[in-house]
Amino acid sequence: MLACTASLPSPDPRVSFLLGLRTAKYSASDLGRAKAWYAEVLGFGPYFDEPFYVGFNVAGYELGITPDEPAPGDGHIAYWGVDDASAAYVRLLSLGATAHEALQDVGDGVLVGSVRDPFGNVFGMIQNPHFAAT
């Protein structure tokens, strides 16, 4: 077994704008069926249930489902918590990401958006005042 002798620099808390993973979103062409299936899997129902979005609080993380036809490779998005979604979106674009879903206010003070990183991965961000940093 090879040992890695290189040391990584210590993270600088002043540089990172990420607050941690907040939400994983999945698409389902049949939202009602998906809601029932995930409620069965989780053992409880959603805390947020609208025709455009169903949200489950899973141990402080959000599992969200939208009524969309899953696109190849785009059926799910992990959203990283940020303090300022607008600044995070602009910063990611400035670092070589390309727009995926424009930043939008989804209600109740929650802002979401996503970009594709330079490697084609979807990187989501969420500004959600209802989730406290832990």
Side-chain angles (χ1 to χ4, degrees):
M1 180 157 91
L2 296 175
C4 180
T5 58
S7 62
L8 297 174
S10 297
D12 184 344
R14 297 170 297 161
V15 175
S16 182
F17 62 96
L18 298 177
L19 301 175
L21 186 62
R22 296 288 192 264
T23 303
K25 182 183 80 91
Y26 298 93
S27 298
S29 56
D30 185 336
L31 188 61
R33 195 169 130 225
K35 175 176 65 174
W37 190 84
Y38 277 101
E40 179 70 23
V41 168
L42 298 169
F44 54 86
Y47 81 93
F48 189 86
D49 189 355
E50 293 291 335
F52 59 89
Y53 185 85
V54 172
F56 294 87
N57 183 337
V58 183
Y61 297 92
E62 174 122 357
L63 169 66
I65 307 168
T66 57
D68 306 309
E69 189 66 39
D74 282 352
H76 59 279
I77 300 174
Y79 287 92
W80 292 93
V82 295
D83 281 328
D84 183 340
S86 296
Y89 197 82
V90 168
R91 181 170 185 265
L92 289 166
L93 293 175
S94 77
L95 294 172
T98 56
H100 178 259
E101 290 181 337
L103 196 62
Q104 58 185 323
D105 183 345
V106 297
D108 207 16
V110 179
L111 301 174
V112 297
S114 60
V115 297
R116 285 196 183 275
D117 71 13
F119 318 104
N121 300 298
V122 177
F123 186 99
M125 67 214 72
I126 182 167
Q127 178 181 328
N128 186 341
H130 308 289
F131 279 155
T134 56

Partners of D49 by salt bridge (Lys or Arg N to Asp or Glu O under 4.0 Å), sequence neighbours excluded? K35
Supply the members, apart from Y47, of the Ile/Leu/Val/Met/Phe/Trp/Tyr cluster built from side-chain contacts under 4.5 Å; use none for a lone residue. F48, F52, Y53
Using the salt bridge (charged side-chain N to carboxylate O under 4.0 Å, His left out) rule, collect all pairs that involve residues 98-111, keeping only residues at least two apart or in two chains. none
I need the minimum non-hydrogen distance between Y38 and I65, along with the two atoms involved. CD1-CD1, 3.3 Å
Non-hydrogen side-chain atoms of V112 and R22 separated by less than 4.5 Å: no
Would R91 and D84 satisfy side chain to side chain contact (heavy atoms under 4.5 Å, CB included), going step by step from the backbone distance to the final call? CA-CA 11 Å; R91 181 170 185 265; D84 183 340; over 6 Å; no
May I ask you to list the residues sharing a hydrophobic cluster with L95, side-chain cutoff 4.5 Å, ordered by chain and number? none
Going hydrophobic residue to hydrophobic residue with side-chain gaps under 4.5 angstrom, can you get from L93 over to L103? no
Please answer: with hydrophobic residues joined when any side-chain heavy atoms are less than 4.5 Å apart, are V122 and Y79 in the same cluster? yes
Test item: L92 and F17 side chains (from C-beta on) under 4.5 Å apart, heavy atoms: yes
Say whether L111 and L19 are linked into one hydrophobic cluster, either directly or through other cluster members, by side-chain heavy-atom distances under 4.5 angstrom. no
Suppose we screen for side chain to side chain donor-acceptor pair (under 3.5 Å). Which residues come up paired with T98, at least two apart in sequence or across chains? none
Is V115 close to Y89 at the side-chain level, that is, under 4.5 Å between some pair of heavy atoms? yes
Looking only at heavy atoms, the pair that brings G124 and S114 closest together is CA-CB, 3.8 Å
Those residues that, when tested against N57, pass side chain to side chain donor-acceptor pair (under 3.5 Å) (two or more places apart): none
Is there a continuous path of hydrophobic side-chain contacts, each under 4.5 Å between heavy atoms, that joins V90 to F123? no
Do F44 and L63 sit in the same hydrophobic cluster, where Ile, Leu, Val, Met, Phe, Trp and Tyr count as joined when their side-chain heavy atoms come under 4.5 Å apart? yes
Flag side-chain contact, heavy atom, 4.5 Å: I126 against E62: no
